[in-house]
2 protein chains.
Amino acid sequence: MTTRPSLTERRKAETEREIARHAAALFSAHGAAGVTAEGIAKAAGVSLRTFYRYFRTKEEAVTPLLTGGVHQWLADLAAAPARLSVTEALERAVRSALAPEGPHAAFQAEALESTRGLLRAVPGDPALRSVWLRVHAETEEALVPVLERLARPGTDPLELRMTAAAANAAMRIAMETWATTQAEPGDPERGPAAIAVRCLRGLTAGLRTPRA
Amino acid sequence: MTTRPSLTERRKAETEREIARHAAALFSAHGAAGVTAEGIAKAAGVSLRTFYRYFRTKEEAVTPLLTGGVHQWLADLAAAPARLSVTEALERAVRSALAPEGPHAAFQAEALESTRGLLRAVPGDPALRSVWLRVHAETEEALVPVLERLARPGTDPLELRMTAAAANAAMRIAMETWATTQAEPGDPERGPAAIAVRCLRGLTAGLRTPRA
DNA sequence: CGCCCGTGTGGCACAACGTGCCATGAAGGC
DNA sequence: GCCTTCATGGCACGTTGTGCCACACGGGCG
């Protein structure tokens with residue numbers, strides 16, 4: 001029922017994925033500083049000029065890999081029933097978007113592993129860290145209208161922004177720790193969804209004042 | 001009592017401030033993309049080569065302006081008495097570091113206004129936004145050991161990281177909204193300290209589940 | 001006081017980044 | 001089969017950031 005994409009558009013989407021894949025592989029192997037834009041272009045089979053038509057900078061080339069999981073999370077959250085509380089809706093969206101047996105398993109199996117390899121290189125690479133932070137800054141802005149629907153009417157806009165920032169940080173830190181911990185594929189407690197839920201709950205627990 | 005800095009070291013610190021000042025003024029006026037590194041160097045009275053000895057990239061030149069208030073906040077938080085709860089210590093540190101009549105008024109009057117002008121340019125400038133985010137990412141890391149002292153022993157490291165992220169986001173969003181709202185110098189409710197406290201309280205309020 | 005060593009600085013050359021401009025060739029509509 | 005549209009490639013150019021070397025100035029020592 002979706003209008004079938006034109007042949008040209010399919011090729012464009014294909015080359016974009018191709019560039020992103022090779023960029024992620026090269027960055028993971030040699031770091032962003034050790035890879036030239038021309039190197040990525042050559043690996044992807046396009047000219048240098050074409051590379052810069054798809055991505056504004058060479059570091060931006062990996063954003064499709066980085067945004068994949070987060071965009072799914074945003075979509076699931078936007079589709080949550082309005083009767084849920086904010087914290088409950090956040091937990092459900094996290095489970096739905098990151099669970100390996102969830103409805104979005106297609107994305108998982110394909111790109112999640114290369115995303116993981118990329119995230120392992122993020123902490124030590126200033127350029128990659130910059131894109132990673134930019135992606136989450138945009139996610140934080142996109143979260144505000146989504147959370148507004150779930151919050152009680154008339155909520156202070158500043159409170160809304162803070163909730164968005166906190167929820168976004170939970171997603172970010174969960175993915176970071178998931179990427180940098182051992183694999184253990186059989187352990188569901190080490191999966192991204194479980195870690196994200198722990199982050200969300202640690203958020204409310206850490207701010208509860210123990211001694212009044 | 002502190003060993004007086006050598007003559008050369010004072011000059012180095014002076015030129016660093018000089019570069020940062022001119023960089024902030026030029027970036028605020030023309031945006032980061034509209035200013036060349038050579039332009040900043042010329043304005044500061046140094047050669048282009050020397051400029052890059054002080055800052056790795058041209059955008060980094062404004063970090064001293066951006067980190068000023070945040071570093072004060074970290075120091076005040078590290079000096080908080082251990083008997084305080086986390087939320088209470090955060091509020092006190094925010095008031096102490098950002099209050100216009102606080103003990104750090106020297107920094108306030110001097111650099112706070114140029115920092116404010118810089119922050120107004122941050123949202124629309126990708127390059128400036130990138131440094132702003134990097135500064136707060138480093139602050140978030142630095143917050144973890146500081147908060148560990150205030151939290152109850154044996155706290156989950158993940159919960160600690162989440163608390164650091166939330167507190168850091170409060171500081172960041174408070175400074176952003178303070179910079180982008182009207183001046184109203186006589187109104188204490190619009191001051192950076194008051195906004196930061198609202199952010200911290202909005203954080204706990206937004207995560208409290210209203211309907212159990 | 002005069003010498004010397006360490007170091008901050010400037011100039012130069014260079015690889016890489018990112019963009020504007022134009023020519024080419026293939027996709028899609030008539 | 002023709003023509004418009006547009007993705008691509010090649011080229012030139014200003015800018016970024018770095019390595020290398022020469023110079024000058026501050027600071028210590030005989």
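Letters go in sequence order (proteins before strands), and every chain restarts at 1.
Across every non-hydrogen atom of A/Pro64 and A/Glu16, the tightest pair is CG-OE2, 4.0 Å.
C/dT19 atom P lies 11 Å from atom CZ of A/Phe51, rounded to whole Å. Across the protein-nucleic acid pair, B/Ile40 atom CD1 and D/dT16 atom C1' stand 12 Å apart, rounded to whole Å. The interatomic distance linking A/Glu16 (CD) with D/dA7 (P) rounds to 13 Å, in whole Å. To the nearest angstrom, P of C/dT19 lies 11 Å from CG of A/Leu48. The CD-P distance, from A/Glu14 to D/dT8, rounds to 12 Å in whole Å. Following rounding to the nearest Å, A/Phe55 (CZ) and C/dC17 (P) show an atom-to-atom distance of 15 Å. One atom, CD of A/Glu38, and another, P of D/dG9, lie 12 Å apart when rounded to the nearest Å. One atom, NE2 of A/His30, and another, C1' of C/dA16, lie 17 Å apart when rounded to the nearest Å.
The phosphate of D/dG17 has OP1 or OP2 within less than 4.0 Å of a side-chain N or O from B/Tyr52. Distances shorter than 4.0 Å separate some side-chain N or O of B/Ser47 from OP1 or OP2 on C/dG10. Put simply, A/Thr50 has a side-chain N or O that comes within less than 4.0 Å of OP1 or OP2 on D/dG9. The side chain of A/Lys58 contributes no N or O atom lying less than 4.0 Å from OP1 or OP2 of C/dG18.
Taking the side chain of B/Glu59 as heavy atoms from C-beta on, and the options C/dG18, C/dT9, D/dG17, the nearest nucleotide is D/dG17.
Ring orientation note: the planes of B/His136 and B/Trp132 are nearly perpendicular, at an angle over 60° on the 30°/60° scale.
You'll find a donor-acceptor pair under 3.5 Å spanning the side chain of B/Arg53 and the base of C/dG10, going by distance alone.
Salt bridge status for B/Glu91 with B/Arg201: present, with a side-chain N to carboxylate O gap under 4.0 Å. Between A/Arg198 and B/Glu159, none of the side-chain N atoms (NZ, or NE/NH1/NH2) sits under 4.0 Å from a carboxylate O, so this pair counts as no salt bridge.
Heavy-atom distances to DNA chain D give each of A/Arg49 and A/Lys12 a nearest nucleotide, and the one nearer the 5′ end belongs to A/Lys12.
Contact annotation for B/Tyr54: backbone-only contact, meaning every heavy-atom pair under 4.0 Å involves sugar-phosphate atoms and none involves a base.
Between the side chains of A/Thr36 and A/Glu38, no donor-acceptor pair is found at a separation under 3.5 Å.
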